[in-house]
Amino acid sequence: MLLLLSRRVSLSFVKQVIPRGPNLFSKPAFLNSRSFKFKVKFSTASANATIQNIITMPERRPFVRLPTDVYPVNYGLCLKPDLIDFTFEGKLEARIEVVQGTNQIVMNCADIDIITASFTPEGGDEINATGFNYQNEDEKVTLSFPTALQKGAGSLKIDFVGELNDKMKGFYRSKYASQSGEVRYAAVTQFEATDARRAFPCWDEPAIKATFDITLIVPKDRVALSNMNVIDRKPYPEDQDLVEVKFATTPIMSTYLVAFVIGEYDFVEGQSSDGIAVRVYTPLGKAEQGKFALEVATKTLPFYKDYFNVPYPLPKIDLIAIADFAAGAMENWGLVTYRETALLIDPKNSCSSSRQWVALVVGHELAHQWFGNLVTMEWWTHLWLNEGFASWIEYLCVDHCFPEYDIWTQFVSADYTRALDLDALDNSHPIEVNVGHPSEVDEIFDAISYSKGASVIRMLHNYIGDEDFRKGMHSYLLKFQHKNASTEDLWDCLEQASGKPIAAVMSSWTKQMGFPIIVVDQEQQGEDRVLKISQTKFCASGPHNGEECPSWMVPISICTSEDPGCTKMKVLLDQAETTVTVPSVAPEQWVKINPGTVGFYRIQYSSPMLESLLPGIRDLSLLPVDRLGLQNDLFSLARAGMISTVEVLKLMEAFVNEPNYTVWSDLSSNLGVLSSLLSHTDYHEDIQEFIRDLFTPIGLKLGWDSKPGEGHLDALLRGLVLGKLGKAGHKPTLEEARRRFKDHVEGKQVLTADLRSPVYLTVLKHGDSTTLDTMFKLHKQADMQEEKNRIERVLGAISAPDLIQRVLTFALSEEVRPQDTVSVIGGVAGSSKHGRKAAWKFVKDNWEELHNRYQGGFLISRLIKLTVDGFAVDKMAAEVKSFFESHHTPSAERTVQQCCENIMLNANWLKRDADDIHQYLLQRKAPPV
Ligand code: BES
Ligand code: ZN
């Protein structure tokens, strides 16, 4: 482990040295050798000196993994939470193995007080520990014994107490209201990545697996759940109000996957076709809202069983909605925990995007039951294996359950482009990144691990083909089940299954940060089209100018207008440049790279090639996903200064007849970025006019009410378009939104769930204090968390400065769940120029409370990003940097660097293109002469 590096690896460019293959069309000779190992070389070349100057590189925190002289075999764990005092008592009786004689045992332990500890060797006498030395910074405790513990098995007993905290990590309390409105608390867990140690002393590393026998002592009127099924439930002798609930022994597993929940819940239940008992636990009285997730889960389990050809190994699985929950969901083995909004669906009050989100999250967490839980990453460096894989296969699963969602096109907009944007920064990091201290682990739950991870797996799946991919996955799961694995292990299995050079190809994507831009030019030679293809690193700041440019092994597919959906040719680009002859392409045909937008790279076509492709946008002959990809590439080239933003605006106008939801959605978010940039100018209104003009025809076509025969995507498209028009101040949309809002509030005509977000957004954007009051009232009245969140996310749209201040105050009030504060503040920052400034000031003024609330977890990174990423003035980068230098936030260090880089990029973009954009927006309004 390279844990003692004094600089973050991700801050240097990583240069890869790949032996050259003889040609592109056959497998290079070196790849036939199984002994080939991918080599990486570190280079210090920086692509952008200006940006680097402002970003200082933090020191890594010292960190060492637990000693290996003692390891656990089985944890007998009994916990007794007190839901009134918010404390818990615990008894651990662990069977351990002493590998090497020692008089110390080092374990993980945080915020726990040990009362007594002893060790009893098998067949020997109990030895009491004489000291507990807490190393708080390292989240460890050293138990000292008066004599050496001899090699062999024994039992370690520890009695301890802890607090049921309110930080949404470890063993914590979650607040809810009983049906009569009384405030109550549930006791729940969230252990990933490194918080099991806050619930009981343990060896809290993913590779130290053991079995668990869990017992919970709880009030007899509460539901008690854990990973396994209940095997015994009896009165607790010392208190007649309590019961002792004992759960079956778990399979061997990592600590971060252990879970328990004690609270009041209803449930719906079913059985999957492969005989697994599935329950969805909901708040009391809301069992109906669990039905949709139950349906998805019972369909998904056999889908994965079949896909992996490995059965789900536990007898049951519970999915439970937790009121206070930091992440979206957590894959605890057999007891998956969710935010309420990621699990509960009300047939009347849930919108289509919630339904889709629930399906994706269920698909994601259930995939982890195999990929993560059965086979676990050896260390957090391989976190991406868990998260990247689950983030890819959740789409496969949803595509299986809901083909009408066209979910793979949505993948490109939601994950693929998001990953490309982040990974184009100098402050990105490789997918595989050395991490040590818990704050560094928290930091990598980001779009690189999730979205880039998923995108490179999608590219790999496409490169290998489904059949061999499944074969490889099966052998990987079989070989490493109940064990741990690393990235290389997966490559080995896929290489065996496919006979392709997987390790060499994939290492270029996982071990070095960034991705290539593929530059393409063409020439007609007789009946053939000859392409000149080259690669260089794509940088958000413009052409790569470091001395040594990294390169990738790039699977490249090519299609032509003869059959735009079909790959005509595949090559593997393993060098800086090459030529490819595409046979039999008539001169009038276009040639396109990357059909399906599967390869993880951007493309820069020569002007004639690009021009030949553009009609395919208007006449829709290009696939939707490729129309989306082309537009997104050009947008990011404009941001990097490699083409003019005006060219992209012209391109956007070609989408006026676009019918596809996802294409519009991607276009819309890019226009949102541009609109936010131009909010720094005095012609912000001109881009609103551009947006209104672009979205008006599709808005008119869709109308306000759904028509017979419409489906999921029509509902999403209508919401998107009306919201966009309303926000941009399109008068007829604003008037209709106001009318419908009034009817809704007066109870005359309740808004359908899919129309609520666009209507709320529109009336707030152009609303006054009465509108805001009404929204607060709707928020208070809302019974579903989905509705509360829907309102919270758009509150920031309000325009008047004094009202913005009220929204910010509301964000930290009791009315907003702690995990949702981030999206209220983020909504303010993302809505307007004034909102951005006010949100940043608010975050600074309330830093202590916010930081304390999230205890440095990943929500603080999200908050920072949402608040400051939109600035476009150099001095703001300096201000943000300086604030975080004096307000140390280890888990957000990289995020802060990325934000500073983004601010500088925005500032440069504005300086470069602002005048041209303004001219273009003025000129398109001028009447033709
Ligand atoms: N393992 C994660 C939960 C998690 C996230 C734990 C961050 C610790 C830190 C879980 O599998 C997950 O990825 N959840 C996602 C939802 C998913 C559908 C992308 C989340 O919480 O956002
Ligand atoms: Zn996950």
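This one's a predicted model, so the numbers in the text were calculated from it and none came from an experiment. Counting from 1, the numbers follow the sequence of the chain as shown.
- In terms of modelled atom types and a separation under 3.5 Å, the side chain of Ser354 and the main chain of Ser350 share no donor-acceptor contact.
- Atom-to-atom distance recorded for Ile431:CD1 and Ser507:OG is 11.0 Å, nearest 0.5 angstrom.
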| said: Working note: Asp415 + Ser451, criterion side chain to side chain donor-acceptor pair (under 3.5 Å); need CA distance, chi angles, decisive distance, verdict. | reply: CA-CA 5 Å; Asp415 283 279; Ser451 300; 2.8 Å; yes
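- Screening residues 588-610 for salt bridge (charged side-chain N to carboxylate O under 4.0 Å, His left out) gives Asp421-Arg602, Lys592-Asp626, Arg602-Asp633 as the qualifying pairs, with residues at least two apart or on separate chains.
- A salt bridge between Asp466 and Arg470 is present, with a side-chain N of the basic residue lying under 4.0 Å from a carboxylate O of the acidic one.
- The two atoms that bring Pro516 and Phe600 nearest to each other are CD-O, 3.9 Å, heavy atoms only.
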| message | As a quick check of understanding, evaluate side chain to side chain donor-acceptor pair (under 3.5 Å) for Glu387 and His364, giving each step before the final call. | response | CA-CA 9 Å; Glu387 298 305 349; His364 179 107; 3.1 Å; yes
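- Taking a 6.0 Å sphere around CD of Glu404, one finds it holds more than 12 heavy atoms contributed by other residues, nucleotides or ligands.
- In this structure Trp590 satisfies the ring pair (Phe, Tyr, Trp, His ring centres under 6.0 Å) test with no other residue, sequence neighbours excluded.
- For Asp916, there are no salt bridge (Lys or Arg N to Asp or Glu O under 4.0 Å) partners, not counting sequence neighbours.
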| query | Are Cys559 and Thr567 close enough, and set up right, to give a side chain to side chain contact (heavy atoms under 4.5 Å, CB included), and what steps lead you there? | reply | CA-CA 5 Å; Cys559 69; Thr567 296; 5.7 Å; no
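- Of all the heavy atoms in Asn594 and Gly599, the pair that sits closest is OD1-N, 2.8 Å.
- Checked by atom type and distance alone, the side chain of Gln631 never pairs as donor or acceptor with a backbone atom of Ile617 at under 3.5 Å.
- Screening residues 658-678 for salt bridge (charged side-chain N to carboxylate O under 4.0 Å, His left out) gives Arg627-Glu658 as the qualifying pairs, with residues at least two apart or on separate chains.
- Sorted by first then second residue, the side-chain hydrogen bond (donor to acceptor under 3.5 Å, both in side chains) pairs that include residues 637-652, not counting sequence neighbours, are Arg639-Asn902, Arg639-Asn906, Thr645-Trp909, Thr645-Asp913.
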| task | Please lay out, stage by stage, how Trp384 and Ile457 fare under the test side chain to side chain contact (heavy atoms under 4.5 Å, CB included). | result | CA-CA 10 Å; Trp384 87 275; Ile457 287 174; 3.7 Å; yes
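- Nearest heavy-atom pair, Leu622 versus Leu613, reported as atom, atom and distance to 0.1 Å: CD1-O, 3.6 Å.
- Remark: Ser679 pairs with Arg836 by the side-chain hydrogen bond (donor to acceptor under 3.5 Å, both in side chains) rule, at least two apart or across chains.
- Between Glu653 and Val656 there is no side-chain heavy-atom pair separated by less than 4.5 Å.
- Side-chain atoms of Val625 and Gln410, non-hydrogen and from C-beta on, never get closer than 4.5 Å to each other.
- Annotation: ring pair (Phe, Tyr, Trp, His ring centres under 6.0 Å) contacts of Trp357 (sequence neighbours excluded): none.
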Could you pull out all donor-acceptor pairs under 3.5 Å where a side-chain atom in residues 700-708 meets a protein atom, sequence neighbours excluded?
{"residue": "Asp705", "atom": "OD1", "partner": "Arg740", "partner atom": "NH1", "Å": "3.0"}
{"residue": "Asp705", "atom": "OD1", "partner": "Arg740", "partner atom": "NH2", "Å": "3.3"}
{"residue": "Asp705", "atom": "OD2", "partner": "Arg740", "partner atom": "NH2", "Å": "3.1"}
{"residue": "Lys707", "atom": "NZ", "partner": "Lys701", "partner atom": "O", "Å": "3.4"}
{"residue": "Lys707", "atom": "NZ", "partner": "Leu702", "partner atom": "O", "Å": "2.6"}

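- The closest donor-acceptor contact from the side chain of His544 to the backbone of Thr536 lies at 3.5 Å or more, if one exists at all.
- In this structure Lys299 satisfies the side chain to side chain contact (heavy atoms under 4.5 Å, CB included) test together with Cys401, sequence neighbours excluded.
- Salt bridge status for Arg692 with Glu685: present, with a side-chain N to carboxylate O gap under 4.0 Å.
- Pairs passing the salt bridge (charged side-chain N to carboxylate O under 4.0 Å, His left out) check and including a residue from residues 391-403, sequence neighbours excluded, do not occur.
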| Passes side chain to side chain donor-acceptor pair (under 3.5 Å), Asp754 versus Thr752? Steps please. | CA-CA 6 Å; Asp754 281 318; Thr752 59; 6.0 Å; no
| query | Can you list the steps and then say if Glu901 with Asn427 is a side chain to side chain donor-acceptor pair (under 3.5 Å)? | reply | CA-CA 8 Å; Glu901 188 176 347; Asn427 287 291; 2.8 Å; yes
| message | Working note: Phe655 + Trp664, criterion ring-ring contact (aromatic ring centres under 6.0 Å, His included); need CA distance, chi angles, decisive distance, verdict. | response | CA-CA 8 Å; Phe655 282 88; Trp664 272 118; 7.4 Å; no
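- Between the side chain of Thr417 and the backbone N or O of Ser413, at least one donor-acceptor pair lies under 3.5 Å.
- Taking the ring centroids of Trp392 and Phe389, they lie under the 6.0 Å cut-off.
- Of all non-hydrogen atoms in His712 and Ser352, the two that sit nearest each other are CE1-O, 3.3 Å.
- Residues Pro587 and Gln524 are in side-chain contact: their nearest non-hydrogen atoms beyond the backbone lie under 4.5 Å apart.
- Looking at every heavy atom in both residues, Trp552 comes nearest to Phe515 through CZ2-N, 3.3 Å.
- Looking at heavy atoms from C-beta onward, Val580 lies out of side-chain contact with Val530 at the 4.5 angstrom threshold.
- Every salt bridge (Lys or Arg N to Asp or Glu O under 4.0 Å) that Asp423 has, sequence neighbours left out, goes to Lys452.
- Sequence neighbours left out, not one pair with a member in residues 512-536 passes salt bridge (charged side-chain N to carboxylate O under 4.0 Å, His left out).
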| field | Pair Leu755-Leu722, side chain to side chain contact (heavy atoms under 4.5 Å, CB included): steps then yes or no | value | CA-CA 8 Å; Leu755 281 182; Leu722 292 177; 3.7 Å; yes
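- Between Leu667 and Leu628 the shortest side-chain heavy-atom distance does not fall below 4.5 Å.
- Side chain of His684 to backbone of Ser675: a donor-acceptor contact under 3.5 angstrom is found.
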| field | Step-by-step side chain to side chain contact (heavy atoms under 4.5 Å, CB included) determination, Leu531 to Ile593 | value | CA-CA 10 Å; Leu531 303 181; Ile593 303 294; 4.0 Å; yes
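- In this structure the side chain of Ile533 never reaches within 4.5 angstrom of the side chain of Val519, judged on heavy atoms.
- Atom-to-atom distance recorded for Thr733:OG1 and Glu736:CD is 9.0 Å, nearest 0.5 angstrom.
- With Ser508 contributing its side chain and Val505 its backbone, the two residues share a donor-acceptor pair below 3.5 Å.
- By the 4.5 Å heavy-atom criterion applied to side chains, Asp446 and His429 are counted as neighbours.
- Contact detail for Gly363 and Cys397: the closest heavy-atom pair is CA-SG, 3.9 Å.
- Using a 4.5 Å cut-off on side-chain heavy atoms (C-beta onward), Tyr601 and Leu420 make no contact.
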